[in-house]
**Student:** 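Would you mind keeping the following structure in view while I ask a few things?
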Number of protein chains: 2
Amino acid sequence: MESSGAQPEGVLRRRPGHKAGVEGLEPAVTTAAPTSSSRDLPHPAREEIRLESVLHALSDPMRLQVVRELAADGGELSCSHFDLPVTKSTTTHHFRVLRESGVIRQVYRGTAKMNGLRRSDLDGLFPGLLDSVLAAAAGQAARPVDG
Amino acid sequence: MESSGAQPEGVLRRRPGHKAGVEGLEPAVTTAAPTSSSRDLPHPAREEIRLESVLHALSDPMRLQVVRELAADGGELSCSHFDLPVTKSTTTHHFRVLRESGVIRQVYRGTAKMNGLRRSDLDGLFPGLLDSVLAAAAGQAARPVDG
DNA sequence: ACGCTCGTACGATAGGCATCGTAGTACGGA
DNA sequence: TCCGTACTACGATGCCTATCGTACGAGCGT
């Protein structure tokens, strides 16, 4: 079906169906420096972090909430610390999205997996972005419509 | 299917499947003030704009590009001004997402539909957000990996 | 009036993704 | 050693959405 029918003119158009891989949602997760435990998790290197992926990661209410709590704490929090209204499977999924987009860093610490914001990386790449998003989220949460 | 099987405990969980309407992706588009032409388009009122929707709208490369050009121009641009590598149908779709999320304002001007950033609304609701996103996009576009 | 251009609406297609459940692995304590 | 806790992997489900094509509506120019 790819090259079948009647393209408007000679213009090179995207293949029909799907979004044709335009999104930068695959940071080619390549870990840079080994940390401590035997179980290591793939993180995008700082230069691999894509703005679109970060915005996408933050556009989910669940994940935005997690990021807000991480920012409020400042340090590292275990996955189980968060009381999200979803199952643990889904929680794992959200944390992975945050990690693979470069928003958080995850490290195994015994049985627990500790999560920390990649503040310096994000601030270095996108100055002011994280702060304005956090401020916006706080402001919106304080609005009447949002409780 | 709702109350069929084996919920972990008494905890009220989301219905299986789907994301259970958690996302704020339906700003209940209620136009506030009629403008000029007979053909009017539904825009979310300023207070209806949700941070998650804005971030989601900006997380698409196509739409981010449109927003960057609108910001660079400062004024209003017609839809046809943009030379996106997709068909007109898809272009219309993206502009609608931007409008319904509150990022742009669309007004019919003859046969053309003019698009303008809702700068004051966005800056009022989320101070610094748009600027940091634009700066981040510009910085990323200047990075070696991005050409 | 006629057509041209701009943009919409609608339906189809296909991959994305948020969610769940179940089963399994890793680590630490009893 | 055995069990409990923390988290993962995998498959299923069902909506979301980016994309296309075609057919249509609304203005402007001739």
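Just so you know, these numbers use all the heavy atoms, side chains as well, and skip hydrogens, waters and symmetry mates. Numbered from 1 within each chain, the chains take letters A, B, ... in sequence-line order. Note that the coordinates shown come from a computational prediction; the quantities given were computed from them, not determined experimentally.
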**Student:** May I have the distance from A:H81 (atom NE2) to D:dT5 (atom P), rounded to whole angstrom?
**Tutor:**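 It is 19 Å, rounded to the nearest whole Å.
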**Student:** Is there a donor and acceptor pair, one atom on the side chain of B:T111 and one on the base of C:dG7, closer than 3.5 Å?
**Tutor:**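 Checked by distance alone, the answer is no.
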**Student:** Within the 4.0 Å heavy-atom criterion, would you say B:T90 contacts the bases, only the backbone, or no part of the nucleic acid?
**Tutor:**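 B:T90: base contact, heavy atoms under 4.0 Å.
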**Student:** Can A:T87 and A:T90 be counted as having a side-chain donor-acceptor contact under 3.5 angstrom?
**Tutor:** yes
**Student:** Could you verify whether a donor N or O on one side chain and an acceptor N or O on the other, from B:S59 and A:S59, lie under 3.5 Å apart?
**Tutor:**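 There is no such pair (donor and acceptor under 3.5 Å, judged by atom type) between the side chains of B:S59 and A:S59.
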**Student:** Distance check: side-chain N/O of B:T91 vs OP1/OP2 of C:dG7, anything under 4.0 Å?
**Tutor:**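 Checking B:T91 against C:dG7: no side-chain N or O falls below 4.0 Å of OP1 or OP2.
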**Student:** In this structure, how many angstroms lie between the P atom of D:dC7 and the CZ atom of A:F82, rounded?
**Tutor:** 10 Å
**Student:** Grab the CZ-C1' distance between B:F95 and D:dT17 for me, whole Å please.
**Tutor:** 18 Å
**Student:** When the distance from CE of B:M62 to P of D:dA18 is rounded to whole Å, what number comes out?
**Tutor:**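 Spelled out: CE on B:M62 to P on D:dA18 is 10 Å.
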**Student:** Let me know, please, whether B:M114 or A:V97 comes out on the 5' side of the other along DNA chain C by nearest nucleotide.
**Tutor:**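 It is B:M114, whose closest nucleotide lies nearer the 5' terminus.
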**Student:** When you measure from the side-chain N and O atoms of A:S78 to the phosphate of D:dA6, is any distance below 4.0 Å, counting only OP1 and OP2?
**Tutor:**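 Answer is no, no contact under 4.0 Å.
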**Student:** OP1 or OP2 of D:dC7 sitting under 4.0 Å from any side-chain N/O of A:T92?
**Tutor:**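 Result: no.
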**Student:** Distance check: side-chain N/O of A:R96 vs OP1/OP2 of D:dA9, anything under 4.0 Å?
**Tutor:** yes
**Student:** Check whether any side-chain nitrogen or oxygen of A:H56 sits under 4.0 Å from OP1 or OP2 of C:dC17, and answer yes or no.
**Tutor:**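 Affirmative; the distance criterion is met.
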**Student:** Between B:H93 (NE2) and C:dT13 (C1'), how many Å, whole number?
**Tutor:**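 The answer, rounded to whole Å, is 14 Å.
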**Student:** Once you round it to whole Å, what is the distance between C1' of C:dC17 and CG of A:L98?
**Tutor:** 14 Å
**Student:** Which residues pass the side chain to side chain contact (heavy atoms under 4.5 Å, CB included) test with A:E47, not counting sequence neighbours?
**Tutor:**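 For A:E47 the side chain to side chain contact (heavy atoms under 4.5 Å, CB included) partners, ignoring immediate neighbours, are A:A45.
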**Student:** So how far is it from B:R105 CZ to B:L70 CG, rounded to the nearest 0.5 Å?
**Tutor:**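 Result: 13.5 Å between the selected atoms.
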**Student:** For the side chain of B:S80, starting at C-beta, report the closest nucleotide among C:dT19, C:dC6, C:dC20.
**Tutor:** C:dC6
**Student:** Between P on C:dG24 and NZ on A:K88, what's the gap in Å once rounded to a whole number?
**Tutor:**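 Whole-Å distance recorded here is 16 Å.
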**Student:** What nucleotide, of D:dT19, C:dG7, C:dT22, holds the atom closest to the side chain of B:V86?
**Tutor:** D:dT19
**Student:** Is any side-chain N or O of A:R63 closer than 4.0 Å to OP1 or OP2 of C:dA18?
**Tutor:** yes
**Student:** Can you tell me how far P of D:dC7 sits from CG of A:N115, to the nearest Å?
**Tutor:**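 In whole Å, D:dC7 P lies 8 Å from A:N115 CG.
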**Student:** Less than 4.5 Å apart, side chain to side chain, heavy atoms only: is that true for A:R68 and A:L134?
**Tutor:** yes
